[in-house]
Amino acid sequence: MHVARGNEAPQYTSIRITEKTIKLKYHMNHKPTGFNSTLVHGTGQKDPLGSVITPIYQTSTFAFKNADHGAACFAGESDGYIYTRIGNPTIRDLEKTIAALEHGFDGIGCSSGMGAVTTVYMAYLGAGKHILSHNAVYGPARGVIEGAFSKFGVESTYVDTTDLEQVEAAIRPNTALIYLETPANPTIGISDIPAICKIAHKHNIPVCVDNTFCSPYLQNPLDLGADIVVHSLTKFLNGHADIVGGIIVTKTEADYKKVRPLMVTMGCNMDPHQAFLTRRGLKTMGIRIDRAQENAVKVAEFLESHPKIDWIVYPGLKSHPQYELGRRLMRGPGAMMSFGLKGGLESGKKLMDSVQLCVLAVSLGGIETLIQHPASMTHSKLSASAKKEGGISDELVRLSIGIEEVADIIADLDQALAQIN
Ligand code: LCS
């Protein structure tokens with residue numbers, strides 16, 4: 001497995017990442033350890049009663065030692081806990097662990113991925129400000145700007161951010177945020193994070209990257225120049241399709257101080273039980289992604305050579321339009337792919353109705369293989385022109401590969417493809 005660092009020639013030689021290949025940088029008081037060790041042990045938060053697993057602090061409020069302590073907590077002079085919307089030990093363990101994995105200053109847990117995205121929007125946008133983003137982002141991440149935020153005077157431009165010229169040309173004097181999703185949902189287009197950050201920073205514009213499709217295991221946007229990272233924890237980080245959650249990680253303390261109060265006052269906070277389950281799921285993220293990715297490579301090769309497939313986009317295939325860029329930015333090709341069938345939408349529907357092991361459902365990044373149709377599901381609320389610009393065509397079918405036996409996934413797709421005339 002290549003590591004996109006220094007002058008090393010990048011290549012997807014193997015798809016298993018070892019601890020040696022991904023060392024964490026120093027993070028706050030955290031002694032750097034290998035990636036999988038941090039997944040398991042976190043950043044060293046110790047439970048006072050010796051619980052090996054961080055317990056669920058299922059409480060809305062925390063008792064102060066005395067009035068002065070309460071006042072000191074509110075004044076920020078004591079790091080004691082106050083109220084769960086503001087902070088909670090179960091949630092803090094998750095926030096600090098993910099911040100370490102992303103090489104950021106600190107994390108801000110949110111109720112959902114969209115909670116994280118809208119909190120970032122609230123922090124950097126306002127009346128008369130402009131956001132520049134990819135025309136193939138997760139549907140609601142665009143929908144909320146063109147709907148709710150535009151009512152408050154926020155302007156937006158959506159371009160193909162895999163094309164640097166389009167990015168540069170769309171910057172305006174009032175551009176206040178560049179928001180990238182890479183690889184993008186659902187086109188799997190890869191944007192050049194370092195090059196876009198260079199352009200953005202020339203104009204003093206912060207860059208936020210949604211790293212959901214990669215996870216910090218495969219890509220670290222903050223190391224590539226970005227200022228903020230968001231994740232839908234619902235996906236690879238939790239990985240078990242049993243919670244909805246989100247997180248923001250900022251590179252600097254200044255950005256953390258700008259964003260965290262908004263999460264708190266808007267009430268976009270996580271719940272301790274949701275944080276506990278996510279922390280549990282996170283422990284196995286490395287081995288889950290290794291396995292899902294190994295499966296995905298084989299599924300992609302099977303689909304690419306199948307006579308009923310018209311086209312397929314997967315970062316591990318040489319046919320991916322940004323294959324070389326992907327090898328430079330990402331430590332592996334991941335487990336997400338999109339494809340179109342000869343026979344278009346009708347064939348795609350037949351495939352989705354015929355799978356037996358793969359589950360016809362939205363979401364992604366879980367242990368089970370999921371298949372869905374973005375144009376009528378996750379991205380259905382976008383206008384026809386927005387879908388067209390973003391390449392979210394009617395025939396596009398998206399697969400999130402799970403950790404089942406790959407022979408079973410391929411056999412299921414094979415029998416479903418055989419149902420198509
Ligand atoms: N960012 C990306 C890249 C996503 O794919 C999603 C959800 C979100 C943010 C929002 O996260 P949530 O609020 O759902 O935790 N993507 C979904 C998808 O493709 N199918 O169902 C949800």
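Being a predicted model, the structure only gives us computed values, none of them experimental. First listed ligand is number 1; within each ligand, the first listed atom is number 1.
On a distance-only criterion, Phe213 and ligand 1 share no N/O pair closer than 3.5 Å. Taking any N or O of Arg398, backbone or side chain, at least one lies under 3.5 Å from an N or O belonging to ligand 1. Remark: ligand 1 and Thr378 share no N or O pair separated by less than 3.5 Å (distance only, no angle test). Backbone and side-chain nitrogen or oxygen atoms of Ser363 are examined, and one is located within less than 3.5 angstrom of a nitrogen or oxygen of ligand 1.
Distances from ligand 1 to the non-hydrogen atoms of Pro374 include no value under 4.0 Å. Ligand 1 lies less than 4.0 angstrom from a heavy atom belonging to Lys235.
Distance check, rounded to the nearest 0.5 Å: OG1 of Thr182 to CG of Leu224 gives 9.5 Å.
Using a 4.5 Å heavy-atom cutoff, the side chains of Lys258 and Thr250 are not in contact.
The existence of a salt bridge linking Arg327 and Glu324 is confirmed by a sub-4.0 Å separation between a basic side-chain nitrogen and an acidic carboxylate oxygen.
Those atoms of ligand 1 with a heavy atom of Met114 less than 4.0 angstrom away are 10 (C), 11 (O), 12 (P), 13 (O).
Using cut-offs of 30° and 60° for the angle between ring planes, the Tyr121 and Tyr179 rings count as perpendicular. Between His306 and Phe302, the ring planes lie perpendicular to each other; the angle is over 60°, past the 30° to 60° tilted range.
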